[in-house]
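Worksheet: one structure, shown below.
Whatever order the structure lists ligands and atoms in, that order sets their numbers, starting from 1. Counting from 1, the numbers follow the sequence of the chain as shown. All of these numbers come straight from a predicted model, not from anything done at the bench.
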Amino acid sequence: MNELAPQLADFLPGGVLAAAADPRPNLVGMDRDDMAAALAPLGVEPYRVRQIFQWVYNRGVTSFDAMTNLSKALRAELDERFRIARLDVSDARISTDGTRKWLVRFPDRQEAETVFIPEPDRGTLCVSSQIGCTLTCSFCHTGTQKLVRNLTADEILGQLMLARDTLGEWPDSQVDRRLTNIVMMGMGEPLYNFDNVKKALRIAVDGEGISISWRKITLSTSGVVPMIRRAGEEIGVMLAISLHAVRDELRDVLVPINRKWPIAELLQACRDYPTGTNARRITFEYVMLKGVNDSDADARELARLLQGIPSKVNLIPFNPWPGTDYECSDAKRIERFADIVNKAGYVATVRTPRGRDILAACGQLKSESVRERRQKAS
Ligand code: SAH
Ligand code: SF4
């Protein structure tokens with residue numbers, strides 16, 4: 001089947017072509033300044049802009065009619081000129097472990113994935129920042145796909161709003177919030193899409209916006225050193241570093257961006273990141289690859305490298321994908337590795353793979369579901 005051929009559903013109300021054809025700018029994705037500029041020609045006063053910002057991001061309304069503290073005339077005018085649009089969902093799945101995965105589709109027919117991971121004491125939304133990735137980490141499935149494009153701020157925010165919609169968690173609802181944390185750990189390298197990620201996350205932490213504390217938002221990077229500095233100054237959320245190796249020769253292969261910014265420079269950027277208290281510890285992610293980076297010596301060297309950086313270590317069991325030569329370290333090896341790091345005085349946790357049955361685990365995003373759908377279609 002021709003993948004580009006429009007499907008019948010696309011022409012139905014709310015379908016992607018309908019959305020693409022709607023010329024009204026979307027308020028979702030605009031920060032306070034953008035909204036003020038967009039609403040200025042209508043003579044909307046600053047305090048009203050603030051109310052509209054709250055309706056959109058804090059109350060999660062999807063129609064201007066719901067903005068009950070605005071006059072009917074203003075609501076009608078806003079509706080004529082703007083929309084409050086949601087993302088189209090082309091597939092939604094729930095894993096046997098409760099993990100949810102949405103495949104969202106944008107007006108240009110590109111797709112990205114968002115994953116919600118419920119845990120007893122929290123719920124984490126794993127958000128994508130790009131479609132594909134320009135980097136080519138050798139153990140990551142997303143890295144085998146070419147970058148298609150950056151996601152816009154509204155496409156990043158749209159993933160949060162979709163999760164809130166589905167979980168029924170806008171402030172008007174009575175339920176305890178299940179979506180408590182955000183990790184920028186979906187597809188793509190967030191620091192290569194800095195402006196859009198910054199805009200979206202600033203709205204996410206805004207108390208009159210999505211209102212999630214910066215302490216509960218983690219941005220994961222493969223190590224774009226100059227941007228780590230800017231992220232500290234301009235975004236100010238928690239930082240996670242995809243370290244994965246303790247020697248440059250190996251990290252050059254696993255995380256090729258290391259050739260540009262080697263381990264010593266990366267760790268210096270971490271030392272300079274505004275940290276200092278326990279609340280601001282940096283997470284070092286370390287994928288466990290059998291016989292590659294999982295020896296006792298690697299664990300000891302890891303602890304040595306992290307000296308002086310308020311940090312914790314997150315060991316990620318490798319999630320295999322078709323065509324990879326890597327294997328996941330044995331459970332005993334991971335335990336021993338964690339032990340050594342722990343004994344050296346660092347908190348080392350092992351990330352439990354979640355949602356593997358719906359291909360939602362780390363490094364499994366997008367290509368596999370596209371492949372799976374293709375298989376079903378043929
Ligand atoms: N591009 C960013 C964020 C997305 S990846 C980054 O690299 O940090 C989120 C995490 O999943 C990263 O630590 C990444 O290295 C890890 N990861 C990628 N592929 C994986 C796989 N197959 N198994 C386990 N973890 C993987
Ligand atoms: Fe890109 Fe991160 Fe995957 Fe590396 S691990 S290819 S940076 S998504």
Handout entry: Shortest reach to atom 1 (Fe) of ligand 2 by a heavy atom, considering only Cys133, Pro256, Gly223
Key = Cys133
Problem - Under 3.5 Å side-chain donor-acceptor pair for Thr152 and Asn196 - result: no
Practice task
Please check if any side-chain donor atom of Thr221 sits under 3.5 Å from a side-chain acceptor atom of Glu189, or the reverse.
Solution key: yes
Taking only heavy atoms of [X] into account, list the atoms of ligand 1 that are under 4.0 Å away from them.
X	answer
Pro317	24 (C)
Cys140	18 (C), 19 (N)
His244	13 (O), 14 (C), 15 (O)
Ile316	13 (O), 24 (C), 25 (N)
Gly186	4 (C)
Glu285	10 (C), 12 (C), 13 (O)
Met185	4 (C), 5 (S), 9 (C)
Val287	24 (C), 25 (N)

Exercise for the section: Report yes if the distance between the aromatic ring centroids of Tyr346 and Phe284 is under 6.0 Å, otherwise no. Expected result: no
Handout entry: 4.0 Å heavy-atom contact, Ser129 with ligand 1
Key = no
Problem - Electrostatic pair Arg178-Glu169, nearest N-O below 4.0 angstrom - result: yes
Problem - Cationic N near anionic O, under 4.0 Å, Asp79 to Arg24 - result: yes
Compute the shortest N/O to N/O distance between [X] and ligand 1 and return yes if it is under 3.5 Å, no if not.
X	result
His141	no
Pro190	no
Met184	no

Exercise for the section: With heavy atoms only and a cut-off of under 4.0 Å, state how Trp321 meets ligand 1: side chain, backbone, both or neither. Expected result: side chain
Practice task
Mind checking whether Thr221 contacts ligand 1 via backbone (N, CA, C, O), side chain (CB onward), both or neither, at a 4.0 Å heavy-atom cut-off?
Solution key: backbone
Completion exercise
For Ser222, the atoms of ligand 2 under 4.0 Å from one of its heavy atoms are 7 (S)
Exercise for the section: Find all atoms of ligand 2 within a distance of less than 4.0 Å from any non-hydrogen atom belonging to Leu135, and give their numbers and elements. Expected result: 6 (S), 7 (S)
Exercise for the section: Could you tell me whether Asn69 atom CG has more than 12 heavy atoms of other residues or ligands within 6.0 Å of it? Expected result: yes
Test item: [X] and [Y] side chains (from C-beta on) under 4.5 Å apart, heavy atoms:
X	Y	result
His244	Glu285	yes
Asp31	Arg202	no
Ile309	Tyr273	no
Glu155	Arg149	yes

Looking only at protein heavy atoms, identify the closest one to [atom] and say how far it is in Å.
atom	result
atom 4 (Fe) of ligand 2	Cys137 SG, 2.3 Å
atom 3 (Fe) of ligand 2	Cys140 SG, 2.4 Å
atom 2 (Fe) of ligand 2	Gly188 O, 4.5 Å

Exercise for the section: If the plane angle is over 60° it's perpendicular, under 30° parallel, otherwise tilted; pick one for Tyr326 and Phe318. Expected result: perpendicular
Exercise for the section: Among Asp294, Asp296, Asp298, Asp339, find the one that has a salt bridge (Lys or Arg N to Asp or Glu O under 4.0 Å) with Arg333. Expected result: Asp296
